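In each ligand, atom 1 is the first atom listed, and ligand 1 is the first ligand listed. Predicted model, so just to flag it, every value in this text is computed and none were measured.
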Amino acid sequence: MVGKRIKRVGLVTAGGDCPGLNAVIRAVTRTAINDYGVEVFGIEDGYIGLVKSQGHLLQNHHVSGILSQGGTILGTARGNPFKEAGVADGDYSCFHKVFKNLKLDALLCVGGDGTLTMANMLFENGFPVIGIPKTIDNDVMETDYTFGFNSAVSIIMEAIDNLHSTAMSHHRVLVVEVMGRFVGWLALVSGIAGGGDVILIPEIPYEEEAIFERVIERGRVGKKFSIVVVAEGVKVKGRVMGAEEKGRIKLGGIGAYMAHLIEDATGLETRPVVLGHLQRSGPPTAFDRILATDLAVRAMDLVIEGRFGQMTAQKGNSIASVPIARAIRRLKTVPRNHHIFRSAEAVGTSFGVKKL
Ligand code: F6P
């Protein structure tokens, strides 16, 4: 049997959490134990916990009842594992020690671009690693969707739906700031689904006048309110809004900035709404539960097949595997020729520019 060599795999969830991570933990554990007789060592708190050999063996009973829970029962963390281990960047001795300590024959890394970049570095340095893509931002290349995205879209859409009644009652403009660090998928898809009137994404530098014109024009045709959806990563004069913290920019502020701008220029009362971490909270949607499960089961198959350095991915109606290196070449941005722009403009959505 091909999988005989593998006795124990490590499973790490790193970077920002998102709904669907527990579905992965459940599916990896069940497939490993029940299909392959392999043990799963659940690493606690991401790569930071990995270099400290933090975690425990996962049994079937640990993963019972977690499918519908958001977040990750293993915990997660951001940060530099080399620094945590007290070694120089690129000194993989700390990982060699952990693999030996924990008797790991392979490592499954679940995360977004940062986590997958680290996974690929491990692979290139001789570690048997498989990647599973997750992030609410949906910005990982080579997969149609990352799990977490659909759940976040649903949360934002529901918020936009609900905000309509208060915006309408007070004849206000509401600016909804949503996550999406460098790309606009979340703002775009949830904004269209929620019927946002103006959607601003990092890929399309906005023109102030086009935004003002749209909200004023709506007033002229009797619509005395507007909803503007803005991605947190939208730049103002070439810079994102936020504050540097521990070497990383904590994004935030574009909603308030836009609200002031619109109110000053149009005279319409405008308020910002920041959805923040609500977007990453709560149970995963059915779509994300299934995607996470599919990606996880296939990842465990890849371990047994010895196809290290690969990431599982959704391509059309199938679950495929692609080299992690190809998935981390760059972020998956929203292409200007995406079919959704034509549909959105046809139903009256503005992207904050006179002409797309
Ligand atoms: O990458 C996912 C994400 O939710 C981004 O959309 C957001 O900018 C970032 O994480 C926030 O990270 P944190 O929770 O560490 O502040």
- Verify whether the ring centers belonging to Phe149 and Phe287 lie closer than 6.0 Å. no
- Query: Hey, is Asp17 close enough to Arg280 for a salt bridge, meaning N to O under 4.0 Å?
  - Reply: yes
- Query: In this structure, are over 12 heavy atoms from other groups packed under 6.0 Å from Glu345 atom CD?
  - Reply: yes
- What residue and heavy atom of the protein are closest to atom 7 (C) of ligand 1, and at what distance? Glu232 OE2, 3.2 Å
- Can we call the ring centroids of Phe308 and Phe127 under 6.0 Å apart? no
- Query: Around Phe212, counting heavy atoms of other residues, nucleotides and ligands shown, do more than 12 lie under 6.0 Å from its CZ?
  - Reply: yes
- Item | Residues Asp197, Arg218: salt bridge by 4.0 Å N-O rule | yes
- Have a look at Arg280, Arg181, Gln279 and point out the one with the heavy atom closest to atom 4 (O) of ligand 1. Arg280
- Query: Quick one: nearest non-hydrogen protein atom to atom 2 (C) of ligand 1, plus distance?
  - Reply: Asp137 OD2, 3.6 Å
- Note on the structure: heavy-atom search around atom 14 (O) of ligand 1 in the protein gives His277 NE2, 2.7 Å
- Please state which protein non-hydrogen atom is closest to atom 9 (C) of ligand 1 and give its distance, to 0.1 Å? Arg78 NH2, 3.6 Å
- Query: Any idea which part of Arg248 is under 4.0 Å from ligand 1, heavy-atom wise: side chain, backbone, both or neither?
  - Reply: side chain
- Close-contact set for ligand 1 against Ile136 heavy atoms, below 4.0 Å: 4 (O)
- Message: Could you check whether Tyr47 and Phe82 have their ring centres less than 6.0 Å apart?
- Response: no
- Item | Any N or O of Lys250 closer than 3.5 Å to N or O of ligand 1 | no
- Message: Between ligand 1 and Gly180, is the shortest N or O to N or O distance under 3.5 Å?
- Response: yes
